[in-house]
Amino acid sequence: MNEPSFSLCVYCGSRPGASPAFLEAARQVGEWIGRHGGQLVYGGGRNGLMGVVADSTLKAGGRVVGIIPKALVEKEWAHNGCTELHVVDTMHERKRLMAEHAHAFLALPGGIGTFEEFFEVWTWRQLGYHDKPVGLLNVGGYYEGLMAFLRTAVQAQFMGDWQMDLIRVDADAQRLLPALVEAAGTAPQPRLDEI
């Protein structure tokens with residue numbers, strides 16, 4: 001297998017969610033990564049959207065790097081079909097390795113774990129630990145409420161517009177994915193070792 005042309009870290013649910021649109025978005029993202037010679041970096045599970053994005057990437061010819069803590073191997077049924085599956089001791093180690101292996105980050109619909117990972121990598125970017133693109137795929141308006149809340153935080157002056165400008169939000173994966181990969185081409189070396 002050739003060296004991947006890019007590496008995209010995807011955060012998403014370990015459940016399928018209520019709408020078929022969530023599964024379809026995960027499939028499209030994985031297929032796009034594989035078709036474009038990329039590498040998926042994700043949490044290493046085989047269930048829900050996580051499993052769909054991994055399987056779709058593999059089916060389309062892409063590489064898949066799964067990183068999962070020992071404690072979650074049984075709970076999430078680790079995806080043994082990954083090109084590489086790293087079993088680590090802690091969640092912190094998992095997130096650090098995912099960040100190190102990626103050129104850009106994308107959050108699909110998910111729950112509290114997805115939210116936490118998205119906010120952490122966004123926080124790391126605002127603090128200058130990395131300058132990698134961060135995206136939010138707003139499938140079927142899933143993140144509309146979150147975006148409204150974030151605008152409230154800006155209006156209340158707990159955040160600035162410049163922080164909002166650090167993320168790319170789009171409902172169309174076919175538009176967002178190339179934008180993230182293109183923006184990643186100019187990202188300087190990250191300082192993730194300082195986290």
Return all side-chain donor-acceptor pairs below 3.5 angstrom for residues 157-167, not counting sequence neighbours, or 'none' if the list is empty.
{"unit_1": "Gln163", "atom_1": "OE1", "unit_2": "Gly160", "atom_2": "N", "d": "2.6"}
{"unit_1": "Gln163", "atom_1": "NE2", "unit_2": "Gln126", "atom_2": "OE1", "d": "2.4"}

- prompt: Under the salt bridge (Lys or Arg N to Asp or Glu O under 4.0 Å) rule, what pairs show up with a residue in residues 102-119, not counting sequence neighbours?
  reply: Lys95-Glu116

- prompt: Going through the checks in order, is the side-chain contact (heavy atoms from CB on, under 4.5 Å) test met by Leu58 and Thr83?
  reply: CA-CA 8 Å; Leu58 290 166; Thr83 312; 3.8 Å; yes

task: Identify the heavy atoms of Cys12 and Leu108 that sit nearest to each other, and give their distance.
output: CB-CB, 3.7 Å

- line: Those residues at least two apart in sequence (or on a different chain) that pass side chain to side chain contact (heavy atoms under 4.5 Å, CB included) with Ala21 are Ser19, Val139

- line: Applying side chain to side chain contact (heavy atoms under 4.5 Å, CB included) to Arg151 and not counting sequence neighbours gives Met147, Ala148

field: Heavy-atom donor-acceptor pair, His103 side chain to Ser7 backbone, under 3.5 Å
entry: yes

message: Restricting to side chain to side chain donor-acceptor pair (under 3.5 Å), what partner residues turn up for Lys70, sequence neighbours left out?
response: Asp89

- prompt: Considering residues at least two apart in sequence or located in another chain, which fulfil the side chain to side chain donor-acceptor pair (under 3.5 Å) criterion with Arg27?
  reply: Glu24, Glu31

- request: Applying side chain to side chain contact (heavy atoms under 4.5 Å, CB included), name anything that partners Pro4, two or more places apart in sequence or on another chain.
  value: Gln39, Arg63

message: If the condition is ring-ring contact (aromatic ring centres under 6.0 Å, His included), which residues does Tyr11 pass it with, not counting sequence neighbours?
response: none

- prompt: Who passes side chain to side chain donor-acceptor pair (under 3.5 Å) against Asp170, sequence neighbours left out?
  reply: Arg175

- line: Between Leu180 and Pro133, the two heavy atoms sitting closest are O-CG, 3.5 Å

task: Name all pairs fulfilling the ring pair (Phe, Tyr, Trp, His ring centres under 6.0 Å) condition that reach into residues 137-157, sequence neighbours left out, sorted by first residue then second.
output: Phe22-Tyr142

task: Go through the structure and list residues passing side chain to side chain contact (heavy atoms under 4.5 Å, CB included) with Leu97, not counting sequence neighbours.
output: Ile67, Val88, Glu93, Glu100, His101

statement: Contacts of Glu144 meeting salt bridge (charged side-chain N to carboxylate O under 4.0 Å, His left out) (sequence neighbours excluded), chain-then-number -> none

